[in-house]
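In what follows, a single structure is set out as structure tokens and then discussed.
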Amino acid sequence: MTRGRFISFEGIDGAGKSTHIDALADRLRRSGHTVLLTREPGGTPLAEQLRGLFLQQPMDALTEALLVFAGRRDHLRTVIAPALAQGTVVLCDRFTDATFAYQGGGRGFDLGVLARLEAWVQADADGPGHPGGLLQPDLTLWFDLPAAVAAARRAAARSADRLEQEDLAFFDRVRSGYAQRAAAAPQRIVRIDADQPREAVWQQVVQAVAAGLPDSEPRR
């Protein structure tokens, strides 16, 4: 059986990624793909409980990182890796790039520690001897948007959780964290200009998936 494809959606809160991950899931399903739509923090009963703590309880950056990586380990082992093994296209609303952007960029936490946690959690996530090393997304779509624009969108859409209550300077640092991560992995991470009308953003998503993972494009 052909291995599935793993696509993550990233960006600061308010960038519009959730709208487009749903649209891509619908597009792929209509074309005959089996699609799993999931999220981080979360994705399993255990990880969803950790998500609740993460978004509501005050804690320092290391505690945040440990919680999200604990949830990620469970998510990978029990949901993502088995789905990929079955040939499923996995669409994940945030993954490890978010940890480097929020805890690394936003909080200023040690990137070396985050890299070690990444290696421990993702090195054998689909079992011993994973030939590809770290289990990472095959393609990451980074929805890039100025922090002030994202803040205005969030305010109009919903009440803020603990992280969304941070100031613009924090989200500017998060955005810079994403840019640093993208510069380090240009073969995987595609920048989507999210400061555009919805249809223009959607066309960028379609083009990025067609170019980056042509075997995940709709089947004719």
So, using side chain to side chain donor-acceptor pair (under 3.5 Å) as the criterion, who are the partners of [X] when residues are at least two apart?
X      : result
Gln207 : none
Asp144 : Arg175, Arg191
Gln204 : none

Looking at side-chain heavy atoms only, is the closest gap between [X] and [Y] below 4.5 Å?
X      : Y      : result
Pro41  : Leu67  : no
Val190 : Trp142 : no
Leu66  : Leu117 : yes
Arg29  : His33  : no
Thr63  : Asp60  : yes
Ser8   : Arg94  : no

Just verifying a value: how many Å separate [X] [atom1] and [Y] [atom2], rounded to the nearest 0.5 Å?
X      : Y      : atom1 : atom2 : value
Ile80  : Leu135 : CD1   : CG    : 7.5 Å
Leu91  : Leu24  : CG    : CG    : 5.0 Å
Leu145 : Lys17  : CG    : NZ    : 12.0 Å
Arg5   : Asp138 : CZ    : CG    : 4.0 Å
Leu213 : Leu28  : CG    : CG    : 10.0 Å
Leu36  : Cys92  : CG    : SG    : 8.5 Å

Under a 3.5 Å threshold, yes or no: a donor from one side chain and an acceptor from the other, between [X] and [Y]?
X      : Y     : answer
Arg72  : Thr99 : yes
Tyr102 : Asp97 : no
Thr78  : Thr44 : no

Please name the pair of heavy atoms, one in [X] and one in [Y], separated by the smallest distance, quoted to 0.1 Å.
X      : Y      : result
Gly42  : Ala47  : O-CB, 3.4 Å
Val201 : Asp193 : CG2-O, 3.6 Å
Gly71  : Leu50  : N-CD1, 3.6 Å
Gly104 : Leu111 : CA-CD2, 3.7 Å
Val79  : Gly43  : CG2-O, 3.6 Å
Leu114 : Ala65  : CD2-CB, 3.8 Å

Salt-bridge contact Arg181-Glu118 (side-chain N to carboxylate O under 4.0 Å): yes
I'd like to check the side-chain contact (heavy atoms from CB on, under 4.5 Å) partners of Ala183; sequence neighbours left out, ordered by chain and number. none
Sequence neighbours left out, what passes side-chain contact (heavy atoms from CB on, under 4.5 Å) with Ala23? Give chain and number order. Trp202
Leu37 and Ile21: side chain to side chain contact (heavy atoms under 4.5 Å, CB included), yes or no, with the steps? CA-CA 8 Å; Leu37 187 58; Ile21 197 171; 3.5 Å; yes
Relative to each other, are the rings of Phe9 and Phe143 parallel, tilted or perpendicular (30° and 60° limits)? parallel
Joint cluster assignment, Val149 & Leu168, ILVMFWY side-chain distance < 4.5 Å: no
Between Arg173 and Asp167, does the salt bridge (Lys or Arg N to Asp or Glu O under 4.0 Å) criterion hold? Intermediate values first, please. CA-CA 10 Å; Arg173 294 193 300 272; Asp167 60 18; 5.1 Å; no
Considering only residues two or more places apart or on different chains, which pairs with a residue in residues 66-98 satisfy ring pair (Phe, Tyr, Trp, His ring centres under 6.0 Å)? Phe6-Phe95
Keeping [X] on the side-chain end and [Y] on the backbone end, is there a donor-acceptor pair under 3.5 Å?
X      : Y      : value
Gln103 : Phe109 : no
Thr88  : Leu84  : no
Glu40  : Thr96  : no
Arg39  : Asp93  : no

Residue pair Arg188, Leu139: steps toward the side chain to side chain contact (heavy atoms under 4.5 Å, CB included) verdict: CA-CA 5 Å; Arg188 174 174 64 84; Leu139 175 68; 5.7 Å; no
So with a 6.0 Å cut-off around CZ of Arg198, is the heavy-atom count from everything else above 12? no
Residues Arg73, Arg77; criterion side chain to side chain contact (heavy atoms under 4.5 Å, CB included); working and verdict: CA-CA 6 Å; Arg73 178 67 178 184; Arg77 293 284 288 177; 3.8 Å; yes
